[in-house]
Amino acid sequence: MTVTTTPAIGSAVALKCRECGTRYPLDASYACYECFGPLEVAYELGSVTRAQIESGPNSMWRYESLLPVVPGADARPGLQAGFTKLVRAENLARALGVKTLWVKDDSGNPTHSFKDRVVAVALENARRLGFETIACASTGNLANAVAAAGARAGLKSVVFVPSNLEAGKIVTTAVYGGTLVAIDGNYDDVNRLCTEVAASRNWGFVNVNLRPYYAEGSKTVGYEVAEQLGWRLPDAVVSPVASGSLLTKVDKAFREFVDLGLVDDHPYAIYGAQATGCSPVSQAFNSGQDVIRPVKPDTIAKSLAIGNPADGPYALDVVRRTNGAIADVTDEEVVEGIKLLARTEGIFAETAGGVVVATYRKLLREGRIDPGAETVLLNTGDGLKTLDAVEATSKPTMVISPSYDEFEAEYSKVVS
Ligand SMILES: *Cc1c(COP(=O)(O)O)cnc(C)c1O
Ligand SMILES: [Zn+2]
């Protein structure tokens, strides 16, 4: 294999195989020709200061020098993703009996999930590489983000989703125009089909042939947590796990910040959260296996319903190296998690956020996470897209006619 050098894209210098280290040019490829391992962006990071980052835009582009994008934030055609709120969750902390708790609330992104971050980086590279169509295999949120970003950037979009998605994710994709392909099958079927389509069409599939760039967008969650804590690392982070990419990139972000001298080196533990109905990474972790056995998903947490997670083994590595853990929770617990967060903090999370809150509570109950550890919970999406999960148990307290007497009579029954 020839060692290839291509022009750098900002600080990104190559694609590099995560397994054997073979380097490739920064084009639209994602698997190693030598060993089929996944490719990852390799950087030569120069020096970056806190002041440089702080003077950047209030979006993820404040970290552009650490991403595989051509420098020059003003020209970016996409949606302004990132720099979402880090909320101090004192009420939830009290309810759970823990010391210091934060919620990184990525429902504040343009299409209301953290997927706008990954799409933003993929889109920049789709344009750089001359694709006129962007595409994706999605569990829902990615479909929203690709359709919206495509619309704004003036690119065609073709998104593929399982046909059993929540209405709140079909409507919020279709509304942006573009082509929406609903497939009678699960995400893993959708993904397999997309790999075939990607091989025959000159489309930029954000999470297939552009996946190495896409995945880097998740680092910005970790950067923001560290910056928003006042340039320091937390003791623990609880991340949802679908493909496992986000979890690994939060770790990568923290390590880069330490290497760049932007934060002090501080031990942190990364925890993974899955729904029991799709918990292949949790099952591997809890049975001490390195190999992830694919499952057929069956859970209300559809955004996390990936039965054969591409980055699962790397997520296991991160969790083990940082002395974290992975656990999973039932659909009932997911609903409890959504409601607990809503009722304590006024944050309405989607099912993935419910998975995180419920998994954190379970880890606390089982004594697997230190209640004294300053912990950041990642809420990656908005509850308005997964109303189905809480609809049956979220009804008006009373339904009455517009009569004062009736109100008094009924209200006195509920305030005892
Ligand atoms: C996609 C998604 C995730 C997880 O992403 P991975 O990087 O594939 O593990 C988490 N939460 C929500 C809401 C998502 O849409
Ligand atoms: Zn390789």
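As the structure is a computational prediction, the values presented were derived from the model and not from experiment. Order of listing sets the numbers, starting from 1, for every ligand and every atom in it. The figures here come from the full heavy-atom set of this structure, side chains too, leaving out hydrogens, waters and symmetry mates. Numbering starts at 1 and runs along the sequence shown.
The closest non-hydrogen atom to atom 11 (N) of ligand 1, taken over Thr380, Asp382, Thr248, Asn379, comes from Thr380.
Residues Glu40 and Lys249 are paired through a salt bridge, judged by an N-O separation under 4.0 Å between the basic side chain and the carboxylate. The existence of a salt bridge linking Glu224 and Arg62 is excluded, since no basic side-chain nitrogen approaches an acidic carboxylate oxygen closer than 4.0 Å. A salt bridge links Glu124 with Arg76: the distance from a Lys NZ or Arg NE/NH1/NH2 to an Asp or Glu carboxylate oxygen falls below 4.0 Å. Salt-bridge formation is detected for the pair Arg320/Asp290: a Lys NZ or Arg NE/NH1/NH2 atom is positioned less than 4.0 Å from an Asp or Glu carboxylate oxygen.
Protein atoms that are N, O or S and lie under 2.8 Å from the Zn ion (ligand 2) are these: Cys17 SG, Cys20 SG, Cys32 SG, Cys35 SG.
In this structure, a donor-acceptor pair under 3.5 Å is present between the side chains of Asp328 and Thr276. One side chain, Tyr63 or Glu227, offers a donor N or O that lies under 3.5 Å from an acceptor on the other. Using a 3.5 Å distance cut-off with no hydrogens or angles, the side chains of Tyr268 and Asp251 do pair a donor with an acceptor. Counted by atom type alone, Arg18 and Thr248 present zero donor-acceptor pairs between their side chains at under 3.5 Å.
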Verdict with supporting geometry, Phe257 and Trp231, ring-ring contact (aromatic ring centres under 6.0 Å, His included): CA-CA 9 Å; Phe257 264 24; Trp231 297 103; 5.7 Å; yes

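By the 3.5 Å distance cut-off applied to N or O atoms, Ala242 is counted among the residues near ligand 1. Inclusion of Thr139 in the set of residues having an N or O under 3.5 Å from an N or O of ligand 1 is not warranted. Inclusion of Glu350 in the set of residues having an N or O under 3.5 Å from an N or O of ligand 1 is not warranted. Inclusion of Leu246 in the set of residues having an N or O under 3.5 Å from an N or O of ligand 1 is warranted. Checking only distances, Ser113 never comes within under 3.5 Å of ligand 1, N or O to N or O.
Shown in contact with Leu304 at under 4.0 Å from a heavy atom are these atoms of ligand 1, numbered in order with element: 3 (C), 10 (C), 11 (N). Numbered from 1 in the order shown, with element, the atoms of ligand 1 that lie under 4.0 Å from a heavy atom of Ser245 read 6 (P), 7 (O), 9 (O).
Among all non-hydrogen protein atoms, the one lying nearest atom 1 (C) of ligand 1 is Lys115 NZ, 1.3 Å. Nearest non-hydrogen protein atom to atom 8 (O) of ligand 1 is Ser243 OG, 2.6 Å.
For Gly244, the heavy-atom gap to ligand 1 drops under 4.0 angstrom.
The shortest side-chain heavy-atom distance between Leu129 and Leu210 falls under the 4.5 Å cut-off.
Here the shortest heavy-atom pairing between Ala226 and Val263 reads CB-CG1, 4.2 Å.
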